Amino acid sequence: MPAEKIAEVLPESRDMTAVYPGERETGRVLVTGGAGYIGSVMTKLLLDAGYEVTVIDNLVNGHRSAVVPPAKLVLGDIGDEHLLDDILSKERFECVLHFAGLIVVPESVTRPDIYFENNVARGVKLLNAVCRNRVPKFVFSSTAAVYGTPRKVPITEEDPLFPESPYGDTKRLFEELLKAYSRAFGLRYCILRYFNVAGAYAGLGEDHCPETHLIPGILRSVLHQEEKFQIYGDDYPTKDGTCVRDYIHVYDLCFAHLLAMRALNNENLIYNLGSETGYTVKEVFATAEKVVGEKIPFEIARRRPGDVPVLIASSEKIKRELGWRPQKSLEDMVRDAWEWHQTHPHGYPD
Ligand code: UFG
C-alpha cells in the first residue's frame, strides 16, 4: 500500500487489521529483546499484522510472560553466534528488529564496559549472523541520546551527533556499524531514534528493575507509597524550571516500525520518533494527578547527571515519507500506563 493510502486510513484506525484492509503480511521476522517493554508491544503488533514472529531474549531484563503467543520465544543471547545461526538458517527471515540492549543512561556512566559489550560487541555478533544467513532487512532501536545536548529544537535527523553518555555512544557506534555492514554486505537498515516512550498496549507495559523513567516512576510511587517521588531539578532554563521531553506512546512508536519495515526496499532509512511536543516534568506530573484522581506527593531533588534541559523531535521526515501520524496524547500514555500498573502492581509474574 502506498504511503499516501496508509496516511488516509491511519487517523481513524486503531487496530492493525483496520490499517491494512485485506493486506495481511506473511513474512517471518526475528525480534531481539522481544520480552522487554517495547519489543513485546512490537511482537504483538507484528502478530496482529500477520507476521510469524520469533523472539530471542536472555530474560535478564525481559519477562517470559510478556511474549505474546503464538510468537516463539528462544531463550538466549544475541552474542551467541551458534544459536543465531541455528535460528536464522532453519527458516527464511525477512527482517530482524533489534530491541535487545541496555538502556539506563546513569548506569552506562558507572559501567561503560557492560554497555560496550552488550550494545556493541554482541551487536557485531548479531550483524555477522544476520549477514551470513542473508537476512535482507534490519530495523534498529536507536535513541535521541545520540544527539546529546541539541543546538536547536526540534531536532532533525541531519543534526550533528554528539552523545554525552556511554549509552548514547553505544547507540551511535551501532548506527555506524549498520552503515558499514550495509556497504560490505548490502544489508538494508532502518534506524529509528526514539524520544521518550511511554504508555502500555494490549496488556503489555513497562516493568524495569529498577525503574528510572518518569511516568512509571510517578505511577509506582502512587501504588506503593514507599517514598516521595523526586523531581530531579527545578532550576533548568524552561518555563517551570523542570526538563522538557517529547513523549511518544509505545503503540505509535511500534506502528512506525511496521511502516518502516514495509518501506525498506531500495535505500536505507533514518527517522526520529517523537510527537514533536514538549512537556515539562511538572506538566507530566499534573497529567498523572489528573489521571490518578489525587494529589501525588513529591519533592524537588538535585539535578540528575546527564539530563539535558530540552529534547523535542522533529518527526516531519517520517510523516512526510511514510505517512506516519502519532495518534495518542500524553494523557492517553499516562492513562494506559496507569491501567497497566494497577493491574500489574508487582510487574509481570515471570
Ligand atoms: N525524572 C524525574 N524523576 C524521576 C525520573 C525522571 O524528575 O524519578 C525526570 C528526568 O530528570 C528527566 C525526565 O524526567 O528530566 C525524563 O526522564 P526519563 O528517565 O523518563 O527519560 P530520559 O529523558 O532521561 O531518557 C529517555 C530514555 C533514554 C533516551 C532518552 C531520549 O530513557 O534511553 O529518553 O530522549 F535516550
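Since this is a predicted model, take the numbers as computed values, not measurements. We count ligands from 1, going down the list as the structure has it; atoms in each ligand are counted the same way.
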Could you name each residue pair satisfying salt bridge (Lys or Arg N to Asp or Glu O under 4.0 Å) that touches residues 265-280, not counting sequence neighbours? Glu276-Lys319
Less than 6.0 Å separating the ring centroids of Tyr37 and Trp340? no
Those residues that, when tested against Glu91, pass salt bridge (Lys or Arg N to Asp or Glu O under 4.0 Å) (two or more places apart): Arg28
Restricting to salt bridge (Lys or Arg N to Asp or Glu O under 4.0 Å), what partner residues turn up for Asp240, sequence neighbours left out? none
How long is the gap from CH2 on Trp338 to NZ on Lys290, to the nearest 0.5 Å? 16.0 Å
Main-chain N/O of Ile56 paired with Lys72 side-chain donor or acceptor, under 3.5 Å: no
Would you tabulate the polar-atom pairs, meaning N/O of ligand 1 against N/O of the protein, with distances under 3.5 Å, reported to 0.1 Å?
from, atom 1, to, atom 2, distance (Å)
ligand 1, 3 (N), Gln230, O, 2.8
ligand 1, 7 (O), Tyr232, N, 2.9
ligand 1, 11 (O), Asp307, OD2, 2.5
ligand 1, 17 (O), Arg304, NH2, 3.3
ligand 1, 19 (O), Thr212, O, 3.3
ligand 1, 19 (O), Arg304, NH1, 3.4
ligand 1, 19 (O), Arg304, NH2, 2.9
ligand 1, 20 (O), Leu214, N, 2.8
ligand 1, 21 (O), Asn196, ND2, 3.1
ligand 1, 23 (O), Asn196, ND2, 2.9
ligand 1, 23 (O), Arg245, NE, 2.8
ligand 1, 24 (O), Arg304, NH2, 2.8
ligand 1, 32 (O), His213, NE2, 2.7
ligand 1, 33 (O), Tyr167, OH, 3.4
ligand 1, 34 (O), Asn196, OD1, 3.3
ligand 1, 34 (O), Asn196, ND2, 3.4
ligand 1, 35 (O), Asn196, OD1, 2.9

